[in-house]
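Whatever order the structure lists them in is the order used to number ligands and atoms, beginning at 1.
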Amino acid sequence: MTELPIVYSFRRCPYAMRARMAMARSRSGARLREVVLRDKPEAMLEVSPKGTVPVLVLANGEVIDESLDIMLWALSQYDPDGWLADRDNCLAWIERNDQEFKGWLDKYKYANRHPEQTEHWYREQGEQFIQAMESQLSNKDWLGGSHCRLCDVAVFPFIRQFAGVDPKWWQSAPYPSTRAWLDRWLANPLFTSVMKKYPQWQPGDQEPLFPDAA
Ligand SMILES: N[C@@H](CCC(=O)N[C@@H](CS)C(=O)NCC(=O)O)C(=O)O
């Protein structure tokens with residue numbers, strides 16, 4: 001039997017979510033080790049001392065410890081929906097999400113830890129990205145254009161968090177197309193499948209197969 005890769009993941013981490021989405025869609029079978037961030041397994045830190053999830057350890061020992069690289073690796077094995085098309089446009093969205101929006105999202109989520117500005121102010125900074133998304137999504141179904149692409153998958157877990165900070169505000173915010181796009185993702189069976197709960201992995205535990213039907 002071929003040895004499967006190991007993926008260290010944390011259910012609620014948006015980076016881990018996007019990696020799991022790509023792995024699930026590409027049916028890249030792996031053994032999943034659910035991590036608790038305050039109690040990271042030694043085995044994970046040995047292969048990736050920077051200590052972030054997700055981390056994928058391939059059967060040949062190669063370690064991929066950036067979520068975007070895991071997505072690209074998984075989809076390069078099998079990409080049934082063409083998520084890898086239009087890559088440059090997609091990478092620009094992802095870069096803006098990761099480098100700019102994510103910082104404002106964190107400050108908006110934890111505004112009490114950043115008292116230099118108000119929660120409202122941090123939200124407004126994040127909204128600049130949402131406004132760019134809204135203008136794209138009011139013309140096209142996806143950030144990737146007429147088809148769902150890598151950027152749609154990679155960005156959506158972060159928009160989900162942004163919407164979740166103040167759901168009442170989000171429901172009446174002037175971003176109907178982005179709201180509809182997010183709602184489509186939330187109802188997508190692929191997303192619900194990658195949100196399955198797993199117990200924290202402990203050394204010696206037999207890891208569950210991921211995705212389930214791999
Ligand atoms: N650039 C990394 C970022 C991953 C990341 O920051 N993950 C967070 C959880 S969402 C983490 O592991 N943080 C380490 C910690 O909180 O100790 C990637 O894309 O994989």
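No donor-acceptor contact under 3.5 angstrom links the side chains of Y108 and Q125, judged on distance only. Side-chain atoms of T52 and K50 form a donor-acceptor pair, as typed in the model, at a separation below 3.5 Å. Counting only N and O atoms by type, the side chains of Y8 and E34 include no donor and acceptor under 3.5 Å apart. Under 3.5 Å, the side chains of D152 and W181 contain a donor-acceptor pair of N or O atoms.
The nearest protein atom to atom 6 (O) of ligand 1, hydrogens excluded, is given as Y15 CE1, 3.6 Å; this is a heavy-atom distance. Summary of contacts: the protein heavy atom closest to atom 14 (C) of ligand 1 is G51 O, 3.6 Å. In terms of protein heavy-atom proximity, atom 13 (N) of ligand 1 is closest to T52 CG2, 4.1 Å. Here the heavy atom of the protein found nearest to atom 4 (C) of ligand 1 is V53 O, 3.2 Å. Atom 10 (S) of ligand 1 has C13 SG, 2.5 Å as its closest protein atom, hydrogens excluded (heavy atom only).
Counting heavy atoms only, L37 comes closest to atom 16 (O) of ligand 1 of the residues I94, V36, V35, L37.
Heavy-atom contacts of P54 reach the following atoms of ligand 1: 20 (O) (cutoff under 4.0 Å). For ligand 1, the atoms sitting less than 4.0 Å from at least one non-hydrogen atom of K40 are 14 (C), 15 (C), 17 (O), numbered in the order shown with element in parentheses.
For the pair N97 (side chain) and F101 (backbone), a donor-acceptor distance under 3.5 Å is absent. A distance-only check finds a donor-acceptor pair linking the side chain of N139 to the backbone of S135 [under 3.5 Å].
Inclusion of K50 in the set of residues having an N or O under 3.5 Å from an N or O of ligand 1 is not warranted. Polar contact check, E66 against ligand 1: a nitrogen or oxygen pair lies under 3.5 Å apart. An N or O contact shorter than 3.5 Å links S67 to ligand 1 by distance.
For the pairing with T178, the side chain to side chain donor-acceptor pair (under 3.5 Å) check across Q136, Q131, E134 returns one residue only, E134.
Taking a cutoff of 4.0 Å between a charged side-chain nitrogen and a carboxylate oxygen, D106 and K102 qualify as a salt bridge.
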